[in-house]
Enquirer: 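Before I ask anything, here is the structure I am working with.
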Amino acid sequence: MLALRQTWAILKKDLILELRTREMLLSMFLFVLLTMVIFNSAFDAERTDLTTFGGGLLWLAFIFTSFLGLNRSVVHEKVEGCLDGLLLSPVDRSLIYVGKMLGNLIFISLVELVAIPIFTIFFIKFPYYVYPQNISLFLAGVFLANIGIAGVGTFVATLAANTKRKDLLTPILGLPMLMPVLGAAVSISGATMGGQLLVKTLNQAKEAMQILVFYDIVFLVAIALLYEVALGE
Amino acid sequence: MALRVKRFYALTDIAVILYVAGLIGTFYITPLEVKQIGFTQKIFYFHVPMAITSGVAFAVTLVASIAYLLTKNLKWDSWAAAGAELGIIFGVSLLTMGILWTRSTWGVWWTWDPRLTSYLIVMLLYGAYFVLRSSVDNEVQRANYAATIGVLGYITVIFTMISTRILRSVHPVVFSLKDPGVEPIMRDTFLIALGGTFALFGAYLLVKVTIVNLQEEIEKLKERLVK
């Protein structure tokens, strides 16, 4: 019970800070829109059907947007000395991790939930996830991938903030570690969104789902154990 | 120190002997593989040992990282760093060899085959491991941070290998020792080359660890001199 309350306190602090400043959400949202405009100039979306690449493009936009937010979430902890306060408080280190990670998960998911319909209107002629049997698979894929991104990203951002290179290091370390998540997320989103809704790709999406679940569990446990080291006391 | 030098020479001697024997076996003794790819199959005798060795090297990093996290003894950090560096050296040689083979057999320099893809990701990951190491000045902190990535990195390697194989169409095992047509001499040549690569790896590892330790000693002496 105490652990739950402590985690909630850390999470609430991040939520209140965000509600008052709207720093992260606004910049992440603008960034994800900008990425989509870049897709248009890169692929000439007016004349090309991007449905086949839908999953890939979606996650290309999401992963960079996520890293933008992840860096921010740890940097202001450092700048405003909040991290020292957290470290002084009698809270288990892995709970600090869970609290921060949940905050990032919420922010990333919120931005994505707004961005997905816009992305669909912009690029996908007829998304297959409008069918009820596919929408749950689609959303579950997005959510599980977000857990992986927020989980690994929070850890890597914390690690990077303690080094000389600061936030430069976050994507360099985080992206290769998240490759399995990205691959799985792309094949789930692609299958439920895309023009080639074959039985094969849907089956593949289910296998990808298993990878995501397994990845999330293994990494969350491993990182919760290692987070104390990354905080760098 | 003297003992290490002796061990180093012993290992390099073994590596040279086994490599020469392996090369002779590869080019003069083993029969041509006729079923699928012909002469280029001979890359197998050195390519696969290198793949195995780089996997072992990253495993050394994993074990040393865990040992460091448990004991906080900086000795283990130098083992972890040495393992990662050797993993990259063997991995890059492996990729270079593989690219030449791909060009001559499949006609292209690069394909996004699961094995190639996952190895490229692994190389990038351990490249980032060294970027991380170089961004921390305090040696205890450096060891701490590097150890976390040493552990998580190996988990990522396993996931990358599994997921790239499941999510993309799986390319056939080009050549396997379990094939019924494989003659014992082919297996023996492979094992000799594998032994040679392991000996080379051992010698390298010994040198690397010694160098890292000496560098740390130099740093300490420098500090004492400044004081």
Side-chain angles (χ1 to χ4, degrees), chain A residues 55 148 151-152 155-156 158-188 190-191 200-201 203-212 214-223 225-233, chain B residues 58 62 65-66 68-72 77 80 84 88 91 112 114 117-170:
Chain A
V152 172
F155 173 78
V156 173
T158 312
L159 201 67
N162 288 327
T163 67
K164 271 193 297 189
R165 288 200 170 83
K166 304 271 179 223
D167 45 351
L168 266 181
L169 203 58
T170 316
I172 296 179
L173 266 177
L175 282 176
M177 284 170 69
L178 284 169
M179 281 304 170
V181 171
L182 280 180
V186 167
S187 67
I188 296 170
K200 189 178 155 249
T201 53
N203 283 341
Q204 220 175 39
K206 278 169 193 147
E207 276 177 344
M209 203 70 117
Q210 290 166 359
I211 294 178
L212 278 183
F214 202 48
Y215 181 100
D216 288 350
I217 293 172
V218 171
F219 271 81
L220 286 189
V221 172
I223 290 175
L225 292 173
L226 289 170
Y227 199 63
E228 188 175 356
V229 183
L231 281 169
E233 284 144 81
Chain B
F58 292 132
L62 169 74
S65 297
I66 294 174
Y68 172 77
L69 287 171
L70 293 177
T71 62
K72 299 282 171 182
D77 182 53
I88 289 182
W112 289 100
T117 313
S118 43
Y119 237 91
L120 185 63
I121 297 171
V122 171
M123 291 295 109
L124 289 171
L125 177 68
Y126 282 93
Y129 174 85
F130 281 101
V131 178
L132 171 69
R133 290 191 72 92
S134 71
S135 346
V136 188
D137 287 332
N138 181 318
E139 59 175 358
V140 176
Q141 274 194 344
R142 178 172 57 222
N144 281 337
Y145 299 162
T148 60
I149 297 298
V151 174
L152 294 177
Y154 206 80
I155 305 177
T156 314
V157 171
I158 297 168
F159 269 102
T160 313
M161 299 281 173
I162 297 171
S163 67
T164 43
R165 268 164 190 66
I166 290 177
L167 298 177
R168 303 260 172 253
S169 62
V170 180

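Just so we're clear, the structure is a prediction, and the values are computed from it rather than from any experiment. Each chain gets a letter, A, B and so on, in the order its sequence line appears, and its residues count up from 1.
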Enquirer: Looking at every non-hydrogen atom in both residues, tell me the closest pair between Tyr145(B) and Val229(A) and how far apart they are.
Expert: CE2-O, 3.5 Å
Enquirer: Heavy atoms only, distances under 4.5 angstrom: which of Leu173(A), Ile172(A), Leu225(A) has the most pairs with chain B? Name it, please.
Expert: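 Among Leu173(A), Ile172(A), Leu225(A), the one with the most close pairs to chain B is Leu173(A).
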Enquirer: Report yes if the side chains of Arg165(A) and Ser134(B) come closer than 4.5 Å at any heavy-atom pair, otherwise no.
Expert: yes
Enquirer: Between the side chains of Arg142(B) and Thr163(A), does any donor sit under 3.5 Å from an acceptor?
Expert: no
Enquirer: Can you tell me which portion of Thr117(B) sits under 4.5 Å from chain A's heavy atoms? Options are side chain, backbone, both or neither.
Expert: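 For Thr117(B), no heavy atom lies under 4.5 Å from chain A.
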Enquirer: With side chains defined as the heavy atoms from C-beta onward, is the minimum distance between Leu226(A) and Leu69(B) less than 4.5 Å?
Expert: yes
Enquirer: Give me the atom names and distance for the closest heavy-atom approach of Ala222(A) to Ile155(B).
Expert: CB-CD1, 4.2 Å
Enquirer: Quick one: are Val181(A) and Phe159(B) in side-chain contact, heavy atoms under 4.5 Å?
Expert: no
Enquirer: Go through the atoms of Phe219(A) and report whether side chain, backbone, both or neither lie under 4.5 Å from a heavy atom of chain B.
Expert: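 The side chain, not the backbone.
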Enquirer: Let me confirm one number: the OG1-OH distance from Thr156(B) to Tyr215(A), rounded to the nearest 0.5 Å.
Expert: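 Answer rounded to 0.5 Å: 5.5 Å.
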Enquirer: Kindly compute the distance separating CG (Leu178(A)) from CD1 (Ile121(B)), expressed to the nearest 0.5 Å.
Expert: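 Answer rounded to 0.5 Å: 11.0 Å.
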Enquirer: What's the spacing between Asn144(B) CG and Leu231(A) CG if we round to 0.5 Å?
Expert: 11.0 Å
Enquirer: A side-chain contact here means heavy atoms from C-beta on lying under 4.5 Å apart; do Met177(A) and Ile149(B) qualify?
Expert: yes
Enquirer: Side chains of Lys164(A) and Asp137(B): does their closest heavy-atom pair fall under 4.5 Å?
Expert: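 Yes, at least one pair of side-chain atoms sits under 4.5 Å.
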Enquirer: Need one label for Leu169(A): side chain, backbone, both or neither, based on atoms under 4.5 Å from any heavy atom in chain B.
Expert: side chain
Enquirer: Heavy-atom pairs under 4.5 Å with chain B - which of Asn162(A), Leu175(A), Ile223(A) has more of them than the others?
Expert: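 Top count of heavy-atom pairs under 4.5 Å with chain B: Asn162(A).
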Enquirer: Mind ranking Val131(B), Leu124(B), Val122(B) by heavy-atom pairs under 4.5 Å with chain A and telling me who comes out on top?
Expert: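 Answer, by heavy-atom pair count under 4.5 Å with chain A: Val131(B).
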Enquirer: Mind ranking Val136(B), Asn138(B), Thr148(B) by heavy-atom pairs under 4.5 Å with chain A and telling me who comes out on top?
Expert: Thr148(B)
